[in-house]
Amino acid sequence: MPSSASDRDVAPYAGETRVAVAAAEEAGALLRGRFGAARTVRVKDAEGDVLMDLDLAAEKLILARLQTHYPHDRILSEEAGLLDAVGRRTWLVDPLDGSNNVAIGLTAYAVGIGLCVDGAPVVGVVHEPVTGSTWRAVRGQGASCGVDRLPGPPGAVPRSGPVVAWTQGHAVGRADPVAAGLRGQLECRTRRMLQLWAPLLGWSMLARGAIDGFVGYRAEGIDFPAGALLATETGVEFRTLTGAPFTVSSAGPDTDRSFVAARGDTLTYLLDVVARARRN
């Protein structure tokens, strides 16, 4: 049944967070249980991205939960597209972040659900079915996994160099010169550059301090707000590739979603790496 007003009176977005966590974890159980029998439905584009039957099954489950509890909210989902409604609230659903990993039997995938109000993320939930971990964030209330607060990255640059995650949008070609230049500099001047094919896992790693930073070029809008909110609520700062302030939002084209995310000296270090790439 729809969430009551009393649910939301406990803390801002408490009911929404509870619904999103439950939906993500239920979808995660489905994905984990059917992983070995997953099949590709079709290839989505010339770059080889695939649509799995698990994408559709997990999406169907999540959409049903959200529509039951919040029937008047808009929903933008990875496969179903926009389920429109009138209002300021939009749910963003990535039912299987890492479809290409699943297609080759790699157990690196996640479920992501975010809620944006006027384009700004206010709830972000990321669930990893393999470990059963669920990371959640609410704007202004911090980020956590269970009862444990997420610490975020330390901010100091490790002597051996930072470990950073990298993401680029589906529209970015393999030979794109900007992306190639950024990846090249990051490979040379970091200890590791992770290309996970599942950006939500990168965001969870940044929020819990397992990696030092995240650099994105024309990132996808579906999974970005939920993951970025996890990082923001642990004190991670965002900048554009030129070092200007960056506003996390679900609105706008992918060309507005190129960023550097880190803390302290690591942010300064990564901005210098990006500046070198842009000069070359």
Side-chain angles (χ1 to χ4, degrees), residues 19-69 74-84 90-114 124-136 165-176 179 194-205 216-227 230 250 254:
V19 169
V21 167
E25 291 181 345
E26 190 174 354
L30 181 154
L31 295 172
R32 185 172 61 250
R34 299 187 190 179
F35 180 87
R39 63 181 180 85
T40 299
V41 175
R42 61 179 172 84
V43 177
K44 296 167 67 173
D45 55 37
E47 298 298 320
D49 287 314
V50 299
L51 172 67
M52 306 294 296
D53 57 345
L54 292 185
D55 285 278
L56 300 175
E59 181 178 68
K60 181 179 180 181
L61 186 158
I62 294 169
L63 296 187
R65 301 300 178 269
L66 294 179
Q67 289 176 316
T68 295
H69 288 274
R74 303 168 78 238
I75 302 176
L76 180 59
S77 188
E78 178 79 10
E79 309 305 337
L82 178 64
L83 306 179
D84 210 353
T90 303
W91 291 92
L92 301 175
V93 177
D94 193 341
L96 175 52
D97 186 34
S99 300
N100 289 286
N101 291 338
V102 173
I104 60 174
L106 184 63
T107 54
Y109 60 100
V111 180
I113 302 175
V125 172
V126 176
H127 173 69
E128 185 181 20
V130 175
T131 63
S133 298
T134 303
W135 302 280
R136 71 199 74 183
W166 163 266
T167 187
Q168 65 185 53
H170 294 310
V172 179
R174 295 175 184 173
D176 183 285
L194 308 178
Q195 300 185 70
L196 301 174
W197 289 6
L200 288 172
L201 294 181
W203 289 118
S204 72
M205 295 169 72
Y217 178 60
R218 296 176 60 183
E220 293 296 312
I222 291 287
D223 53 53
F224 177 63
L230 283 181
S250 63
D254 63 0

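Numbers here are sequence positions counted from 1. A quick note: this is a predicted structure, and the numbers were derived from the prediction, not measured.
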- Test side chain to side chain contact (heavy atoms under 4.5 Å, CB included) applied to Leu92 and Ser250, step by step: CA-CA 9 Å; Leu92 301 175; Ser250 63; 3.7 Å; yes

- Does some side-chain heavy atom of Ile62 sit less than 4.5 Å from a side-chain heavy atom of Val111? yes

- Item | Approximate separation, where rounding is to 0.5 Å, of Arg32 CZ and Thr131 OG1 | 9.0 Å

- What is the minimum heavy-atom distance between Val172 and Ala179, and which atoms define it? CG1-CB, 3.9 Å

- Message: On a heavy-atom basis, which atom in Ser133 and which in Trp135 lie closest, and how many Å separate them?
- Response: CB-CZ2, 3.5 Å

- Message: Are Arg34 and Asp53 packed together at the side-chain level, in the sense that at least one heavy-atom pair is separated by less than 4.5 angstrom?
- Response: no

- Looking only at heavy atoms, which two atoms of Ala27 and Ala58 are closest? And how far apart? CB-CB, 4.1 Å

- Query: Taking side chain as C-beta onward, heavy atoms only, is Asp97 less than 4.5 Å from Trp203?
  - Reply: no

- Checking Thr134, Leu200, Leu230 against Val125 for side-chain contact (heavy atoms from CB on, under 4.5 Å), the one that qualifies is Thr134

- Message: Are the side chains of Leu106 and Asn100 in contact, using a 4.5 Å heavy-atom criterion?
- Response: no

- Task: State, with a plain yes or no, whether a side-chain heavy atom of Leu83 is found less than 4.5 Å away from one of Gln67.
- Result: yes

- Out of curiosity, Leu76 CG to Asp84 CG, how far, rounded to the nearest 0.5 Å? 9.5 Å

- Query: Sub-3.5 Å donor-acceptor pair from the side chain of Glu25 to the main-chain atoms of His127, do we have one?
  - Reply: no

- Residues Val130, Tyr109; criterion side chain to side chain contact (heavy atoms under 4.5 Å, CB included); working and verdict: CA-CA 8 Å; Val130 175; Tyr109 60 100; 3.8 Å; yes

- Got a second to check how far Leu31's CG is from Glu26's CD, nearest 0.5 Å? 11.0 Å

- For the pair Met205 and Leu196, evaluate side chain to side chain contact (heavy atoms under 4.5 Å, CB included) and give the outcome as yes or no after the intermediate values. CA-CA 11 Å; Met205 295 169 72; Leu196 301 174; 4.1 Å; yes

- Query: Can any side-chain N or O of Arg218 pair as donor or acceptor with the backbone N or O of Gly169 at less than 3.5 Å?
  - Reply: no

- Donor-acceptor under 3.5 Å (Glu59 side chain, Glu79 main chain): yes

- Note on the structure: d(Phe35 CZ, Leu96 CG) to nearest 0.5 Å is 9.5 Å

- Task: Check Val102 against Ala38 and note the closest heavy-atom contact, atom names and distance.
- Result: CG1-CB, 3.9 Å

- Item | Check: Met52 main-chain N/O paired with Asp55 side-chain donor or acceptor under 3.5 Å | yes

- Message: Donor-acceptor check, side chain of Asp94 to backbone of Asp223, threshold 3.5 angstrom: yes or no?
- Response: no

- Note on the structure: Minimal heavy-atom distance between Ile113 and Ala20, with the atoms involved, is CD1-O, 3.5 Å

